[in-house]
Structures are given as C-alpha cells and as structure tokens.
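Have a look at the structure below, then the notes.
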Amino acid sequence: MRAAVVTALRQVVPDLPDDVADRVEVSPAREAAHGDMATNAAMVSAKTARQPPARIAQALAAALVDGADVLRAEPAGPGFVNLHLRPDSLRATLPAILREGEAFGTSGAGQGRRVNVEYVSANPTGPMHIGHCRGAVVGDALANLLAKAGFAVTKEYYINDAGAQVAALAWAAYWRYLQAVGTPLSEDEFAAMVPGGLQYRGDYLIPVGEALRAEHGDALSGPGGTVADPALWFDGVRSFTVAAMMASIRADLAQLGVQPDVFTSERALVEAGAPDRVIEQLQAKGLIYEGILEPPKGKTPDDWEPREQTLFRATQFGDDVDRPLRKSDGSNTYFANDIAYHADKIERGAELMVDVWGADHGGYVSRMKAAVQAVAGDRPARLEIVLCQIVRVMRGGEPVRMSKRAGTYVTLADLIDEVGRDAVRFTMLTRKSDAQMDFDLDAVVAQTRENPVFYVQYAHARCRSVLRAATESYGTAALDSMALAQMPLDSLQDDAELALIRRLASWPRTVESAALAQEPHRIAFFLYDLAGDFHMLWNRGRDESTLRFLQADRLAETMARLAMVAATATVLRSGLAVLGVVPVEEMR
RNA sequence: GCGCCCGUAGCUCAAUUGGAUAGAGCACCAGACUACGAAUCUGGGGGUUGGAAGUUCGAGUCUUUCCGGGCGCGCCA
C-alpha cells in the first residue's frame, strides 16, 4: 500500500527527492471515521513541492482512487489523505491468516540479524523471588517477539559466579555442612570466623549442606566438626553450591516457561583470562589510563581518599566520568568482567545485544554502552538495555512486605503456585517495562473484564467454542483452515465484523513496531483490543440474531463467519505464543 | 549536590515513536439475560497530558527551565 502511495505522490510531485519519499508513512487509521489507512504524504512533501498540503492531498487522493485496493480516498485535516479500502481487500486478510496459521504476522524486518537477549541473570545465591520475575518474563517475551520479527535470537543467562557474593555463599553453605556433620560451634562463633560475616542464612542451604556431607562425609571439616583450612574445601564447596543454586533457578525458570539457550559463567571467563585480554585491547586503542577519580559532587563519602586505579575512558563515548576497571589493589572490577562478557557475545556473533536489567542498575547503562562501543570497534555490534522497574506485590490492597525474617519472602515458585504461570506472564506484560507496577494477587485471578488475562483467554475459548459447535453440524473437513480459506466472504459487511478484520490485519505491523521498539507489552495490549473487538461482535449477536456466527439456514454466511472466527483464534494464539502464554480451549 | 527513569481522567494504565477531536479498564450514572456460555455488553459524564517557555504545517512525545516521585552515585556484584 505504501508503494502505491509513493507512486501516486510522484505523479503529483514529479521531482520528489528520495529522502522525502522515505518519510512518507501509511498507517492504520486510529478512528473508523478516518477510513482504513491514512498517509501523511502531502504534509511531508509540501515544503519541497512548495504547495499547500491540502492541495497536494487533493491531487494525491484523486490519483489514488485509480488503484486496485482503494475504494475512496479523501483529503482530511491538516493534509492527511484517508484511504478507504475495498472491503474485498480487507477481507482478503482472512484467507491469508488461515493459510499461514500462527506464522501470520511473522516479519522479515530483522533480516536474520543475530540478536542476543540476556535476561534474568539472577545471582546464583538463592531461589528466585518475585523481584526477578518481571525481567524474566519481559526478556523471554522480547526474545520471542524479536524472533517473530525475523531476528535470529539467542536467549542467554549470565551466571555471576565469580565475585564476593558467591564467596559468601560458599561460606554459608559450609556452615550448613558443618551443622550436618555435627559441629560444636554456634552460629555466632562461626560467623565471627567468616571474612565479611555470615550471609545467606536462609533454610534453602540446609539441603546443600546435607548433600555435601553425603558426598564427602566429614572430610571437609576440621577435627570434631571445626572449620578446616579454606584452601582444602573452598573451591569445591563453592562450585558445588553454585551448581545446586543454578539447578533450583533452572527449575523455577522452567516453571515460568523460560528456557535460556545459553548459560555463560563469569568464572569461566575470568579463569580463561578474558577480562585481562579485553583490558589489553582497550589499552591498545588508547582508552585506558591510570588515574584518580574525583569524589562524587556534593556527597563525599566519609572514608573518601584518592586512590589510583586503572580507568576506562568512558567519557569518550558519552558517559559522565571515566570508569574503573581495576581496583586499587590491582584486581579487576565487576565492570571489567562485564566488558569481557559482552566482548565474548560479540565474538560469538551477536550483532545486537539486548540486556534486560532491574532498575537499580540504571546507573550502569551508559558505561556499559560506552564499553560495547569501544570494544566493538567497526564491527556492527550494538547494545540496547531494557530496564524493568520494581514490582510491588499487593494483596488485599496492601503491599506484601518482602522480608526473609518475617517469612513473607515471596518466591517465584510460590507465586506461580498461587496464580498460575499464564497469569503471571501476561500480567507482567501489561505495563511498559520502565514503569513501576503493582502486581495485585487478587486481581490476576479474578474472572472479570478488568483482568486482561482472563479477557483474552475467554475470547479464545469462545472462538473455540463456536468452532466446536460448528463441527457438530458441518464436520471437521468443512472447518479445516484450508477449506475455510476458500469460502466467499462477501457477507462480512457489518461494521463490527470489518473492525475485527481490520484489527487482525494490523497484527503484522504490531509485531514489527513492538519488536523494533523492544516493547513486548504492546503485544499484550493488542491482544486485549482484539479480544474486545471479538467480544463486542459476539454480544452484538445477542441483540441482532442475524449477526450470530452460526446461521442454521444460511450456509455461505456461516462459513464466512467461521473463517473469521478461526482467523481470530489463530491470531490470538499467535500473540499468546509471543508472550509465552498457553491459550485455553474452554474456561472453567 | 550530580546522573538516569517517571509524572496523562478520581484510580490503574495506553497512545502505531512528531500526526487529526489524547484513548481503554475500574469507579460513577442509565439501560440489556428466551444465549453460538451475560464470567458479558450498550450508552453517558469525566482532561490546561505537573507548571512555564521554545523548535514546526503539527508536541503527551523533541529542547531548555522549574516542581514532584523512584533508582543510583570510586576498590558491591
């Protein structure tokens, strides 16, 4: 359609520059009164043509009416041209959907470019809780969405198994091990021996301690259940514990329907010397120097003292200050490891990297983008970051306090048990990811219109219900998608029917724009709107029996409507698949 | 103090990335159950898009500046 508009525009404005032609948009009209599509062609070309937009719109409209698909074209507003398509070309969407099935809406926009989507990446120090959930769902849906838009997607999980947190975890697991072998030490006595103090006191490490005892007996402890030299046990306990935590995280993710393609270990990168290599590369580019950072303005920490560190010239890439890669003792910072990790992704062929982070990492965005730019050089690698704001869990109108001590720590597994996986996934996608969100435990299980999960599922169940009823009358062969795709559709004329078809036709465009904007929530909103169109039509049938889908005495009309219903179900499934939600056949 | 994100109807949120008269749900008001399942639907009222200025054919969207909220701020990951 856009090509037709540009062609017509060239007739009206013969010497149209290409860059102006590129700005011509043809988009679905927002309001039914504006027809099916609208174009801004007259307005964008007004300047070069040196004519008022309204005049160009007039001429353009006249030129467009000759086209095959256009029924009416009329200039409107400040210079739009509204296009009313022939109902035939609108209806042609239905057989296209029926033939392509859930592949309808799949786009080539990504051109097979390799995208790495990294999400969750919860530290392997305990079970997943609600705080991790949003990033997991948003990342997973975004990965699906990008795949549907024609990108070659890798889903990745980065295991932060190298730093102080994991060291603390190893000590905590060792404490549980000592308890399992029968230690004389009290928890406080043990804690006093742990560098940095005993963290991670949750019960979830008890089974890990017992498993360690089952595997090693008392060989890891000192005489009589005391603390042995860490050199003897530390590495082994740490990797054992991380493996146990990752197993539990994978199980939680699987319950949520998330299965990363690749798990990358920070420790493995560090042991392979990747951070040092990356620092050398940056050094060679003149982007590294030894220096002393200024204290943060206005808020100097009490213990501030100038220290010389190895710094990366992030300011050359738009960051506010240069960032440390090595601590003053010479060891690498987390940032250095993270650069090495992103360099590794580029090595593996990622052209676009999308990281899904929690909002508390917002201050980290510009330095990571700067680093990727520096490391990529002239390779076509780019980093996008999707920040997920905090989720407040509400019950009975009150926020649920997240406290391990009070026992109100909500694990992901508990949440899924309570409301179900599909409700969790869909609800997490009903907000823009960078907006804060309340997750209302009472609302997501409510079976009313205000619960979009229910509303969309109900639309699909209704479609299936109609098709089941039709099968009894007409048999399965007549209702095969390919058979329905052959049916004449002229009888679909009601505004509500055409509105539904118009919505179905906009699915591919929705996929594409949501993918390019990296905003999977738009899919959830599309599905909600589509469900609304369908429910509306259904309810019109209550008052006007001629609008019901099944018309006993009119086979042709019935078949046309069944084609529409089947196409609606297909697009609903297609959209739900992007969100990772399983469509239901009936509501109970 | 500095940086990033956010501010849209009484409430929770959209707005095809700069397009037309800013849209949905809840709540409120008035209606509709002899059914392909009313677990729903139809209609209505409700707005200076936090304030001000600027950019242009056109601003919720971009720029500047205030106000208000969240997050972060050199050897934590």
Side-chain angles (χ1 to χ4, degrees), chain A residues 25 27-31 33-34 38 40 42-44 46-47 52-54 76-80 82 123 125 160 162-166 266 292-301 304-307 309 311 319-321 323-324 326-331 333-335 337-338 358-366 387 389-390 430-432 434-438 440 443 446-452 454-455 458 461-462 465-470 506 509-510 512-514 516-517 519 521-522 525-526 528-529 532 535-536 538-543 545 548-552 558 561 565 586-587:
Chain A
E25 289 174 20
S27 47
R30 271 189 194 181
E31 289 178 47
H34 295 152
N40 61 354
M43 287 180 289
V44 298
K47 220 171 220 175
F80 289 97
N82 290 334
N123 286 349
T125 52
N160 293 127
Q165 299 297 324
V166 171
E266 181 186 5
I292 298 169
L293 284 174
E294 297 287 310
K297 286 173 188 162
K299 186 210 151 214
T300 308
W304 175 269
E305 51 184 86
R307 294 190 186 98
Q309 298 177 267
L311 299 172
D319 201 359
D320 304 321
V321 291
R323 302 292 182 176
R326 289 202 174 109
K327 306 171 190 175
S328 52
D329 68 3
S331 64
T333 60
Y334 178 79
F335 182 44
N337 292 355
D338 221 357
D360 53 342
H361 290 68
Y364 204 72
V365 170
S366 48
L387 287 183
Q389 286 289 342
I390 294 169
T430 53
R431 295 281 182 280
K432 227 170 7 187
D434 57 4
Q436 290 178 307
M437 149 177 222
D438 287 349
D440 188 332
Q447 303 205 328
T448 64
R449 174 163 192 169
E450 60 186 304
N451 180 3
F454 166 78
Y455 195 64
Y458 189 34
R462 275 182 154 172
S465 162
V466 173
L467 293 169
R468 275 195 302 272
S506 72
R509 188 189 165 88
T510 302
E512 213 164 282
S513 60
L516 294 178
E519 294 185 347
H521 76 279
R522 292 196 201 180
F525 280 92
F526 171 86
Y528 185 72
D529 289 340
H535 287 308
M536 182 185 197
W538 177 291
N539 285 103
R540 290 275 309 280
R542 285 206 293 251
D543 299 331
S545 59
R548 294 184 186 180
F549 301 125
L550 302 178
Q551 302 283 328
T558 301
R561 286 175 185 168
V565 171
E586 54 185 336
M587 306 302 295

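Values reported hereafter were calculated over all heavy atoms of this structure, with side chains retained and with hydrogens, waters and symmetry mates removed. Quantities reported herein were computed from a predicted structural model and do not represent experimental measurements. In what follows, chains carry the letters A, B, and so on, assigned in the order in which the sequence lines appear, proteins first and then strands, with residues in each chain numbered from 1.
For B/rA24, its base never sits under 3.5 Å from the side chain of A/D529 at any donor and acceptor pair. No N or O donor and acceptor, one from the side chain of A/R462 and one from the base of B/rU40, sit under 3.5 Å apart.
When the P atom is compared between B/rG60 and B/rU8, the two are found 15 Å apart, to the nearest whole Å. Annotation: B/rC4 and B/rC26 have their C1' atoms spaced 32 Å apart (nearest Å). Rounded to whole Å, the separation between the P atoms of B/rA22 and B/rG51 comes to 16 Å. Spacing of C1' atoms, B/rU49 relative to B/rA15, comes out at 11 Å, to the nearest Å. Nucleotides B/rG19 and B/rC29 place their P atoms 38 Å apart, quoted to the nearest Å. Only the C1' atoms considered, B/rC33 is 23 Å distant from B/rC28, to the nearest whole Å.
At least one donor-acceptor pair under 3.5 Å links the side chain of A/R561 to the backbone N or O of A/R548. The closest donor-acceptor contact from the side chain of A/T558 to the backbone of A/Q551 lies under 3.5 Å.
Scanning for salt bridge (charged side-chain N to carboxylate O under 4.0 Å, His left out) contacts around A/D320 gives an empty result, with sequence neighbours left out. When the salt bridge (charged side-chain N to carboxylate O under 4.0 Å, His left out) test is applied to A/R462, no partner is found at least two apart in sequence or on another chain. Considering only residues two or more places apart in sequence or on other chains, A/Y364 meets the ring-ring contact (aromatic ring centres under 6.0 Å, His included) condition with A/F335, A/W357.
Residue contacts for A/E266: at a heavy-atom cut-off of 4.0 Å it reaches the sugar-phosphate backbone alone, with no base atom in range. Residue A/A470 is out of contact with every strand shown, counting any heavy-atom pair closer than 4.0 Å. In this structure, A/Y458 reaches the sugar-phosphate backbone alone: every heavy-atom distance under 4.0 Å involves primed, P, OP1 or OP2 atoms, never a base. Heavy atoms of A/T333 sit nowhere under 4.0 angstrom from any nucleic acid atom. Among the protein residues, A/Q551 comes within range of no part of the nucleic acid, since none of its heavy atoms lies under 4.0 Å from any strand. Within 4.0 Å of A/G541, counting heavy atoms only, lies at least one base atom of the nucleic acid. Heavy atoms of A/F525 sit under 4.0 angstrom from primed sugar atoms or phosphate atoms, though from no base atom. If you check every strand for non-hydrogen atoms under 4.0 Å, A/A164 touches sugar and phosphate atoms only. Nucleic acid contact for A/H521: sugar-phosphate only, since backbone atoms but no base atoms lie under 4.0 Å from a heavy atom of the residue. A/P324 comes within 4.0 angstrom of sugar-phosphate atoms only, judged by non-hydrogen atoms across all strands, and of no base. Residue A/N82 is in base contact, counting any heavy-atom pair closer than 4.0 Å across all strands shown.
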Strictly under 3.5 Å: I want the nitrogen or oxygen pairs between protein and nucleotides 59-63 of chain B, one per line.
none

What does the list of N/O pairs under 3.5 Å between the protein and nucleotides 3-5 of chain B look like, with a distance for each?
{"residue": "B/rG3", "atom": "O2'", "partner": "A/D320", "partner atom": "OD2", "Å": "3.3"}

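A/R522 has its CZ atom 19 Å from the P atom of B/rA24, to the nearest Å. Spacing between atom NE2 of A/H535 and atom P of B/rC33 amounts to 21 Å, rounded to whole angstrom units. Atom CG in A/N160 sits roughly 15 Å away from atom P in B/rC76 (whole-Å rounding). Atom OH of A/Y455 and atom P of B/rG25 are 8 Å apart (whole Å). Look at CZ on A/F454: it is 14 Å from C1' on B/rG25, rounded to the nearest Å. Residue A/Y528 contributes atom OH, which lies 16 Å from atom C1' of B/rA15 at whole-angstrom precision. Taking atom CZ of residue A/R548 and atom C1' of nucleotide B/rC41, one finds them 13 Å apart after rounding to whole Å. Here B/rC75 presents its C1' atom at 13 Å from CG of A/N337, a figure rounded to the nearest Å.
For the pair A/L293 and A/E519, both in contact range of RNA chain B, the more 5′-proximal nearest nucleotide belongs to A/E519. Of the two residues near RNA chain B, A/E305 and A/A76, the one whose nearest nucleotide lies more 5' is A/A76.
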Under a 3.5 Å cutoff on both atom distances, Watson-Crick or G-U, what's the dot-bracket for RNA chain B ([ ] crossing, | other strand)?
-> (((((((..((((.....[...)))).(((((.......))))).....(((((..]....))))))))))))....
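Among B/rU17, B/rC76, B/rU40, the nucleotide with an atom closest to any side-chain atom of A/Q165 is B/rC76. For A/F80, whose side chain is taken as the heavy atoms from C-beta onward, the closest listed nucleotide among B/rA77, B/rC36, B/rA20 is B/rA20. Here the nucleotide nearest the side chain of A/H361, chosen from B/rC36, B/rA77, B/rC75, is B/rA77. Of all nucleotides listed (B/rA77, B/rG74, B/rU40), B/rU40 comes nearest to the side chain of A/N539. The side chain of A/R307 approaches B/rC75 more closely than any other nucleotide in the set B/rA77, B/rC36, B/rC75.
Here A/R509 does not pair with A/E512 in a salt bridge; the nearest charged N to carboxylate O distance is not below 4.0 Å.
By the rule that a glycosidic angle within 90° of 0 means syn, B/rU17 counts as syn.
Residue A/R431 places no side-chain N or O under 4.0 Å from the OP1 or OP2 atom of B/rC6.
A side-chain donor from one of A/N337 and A/E266 sits under 3.5 Å from a side-chain acceptor of the other. Residues A/S331 and A/D329 bring a donor and an acceptor atom of their side chains to less than 3.5 Å of each other.
Between A/Y458 and A/F454, the two ring planes are parallel [angle under 30°; tilted spans 30° to 60°].
Between A/I292 and A/L311, the closest heavy-atom pair is N-CD1, 4.2 Å. Taking each heavy atom of A/Y455 and A/G532 in turn, the nearest pair found is OH-CA, 3.3 Å.
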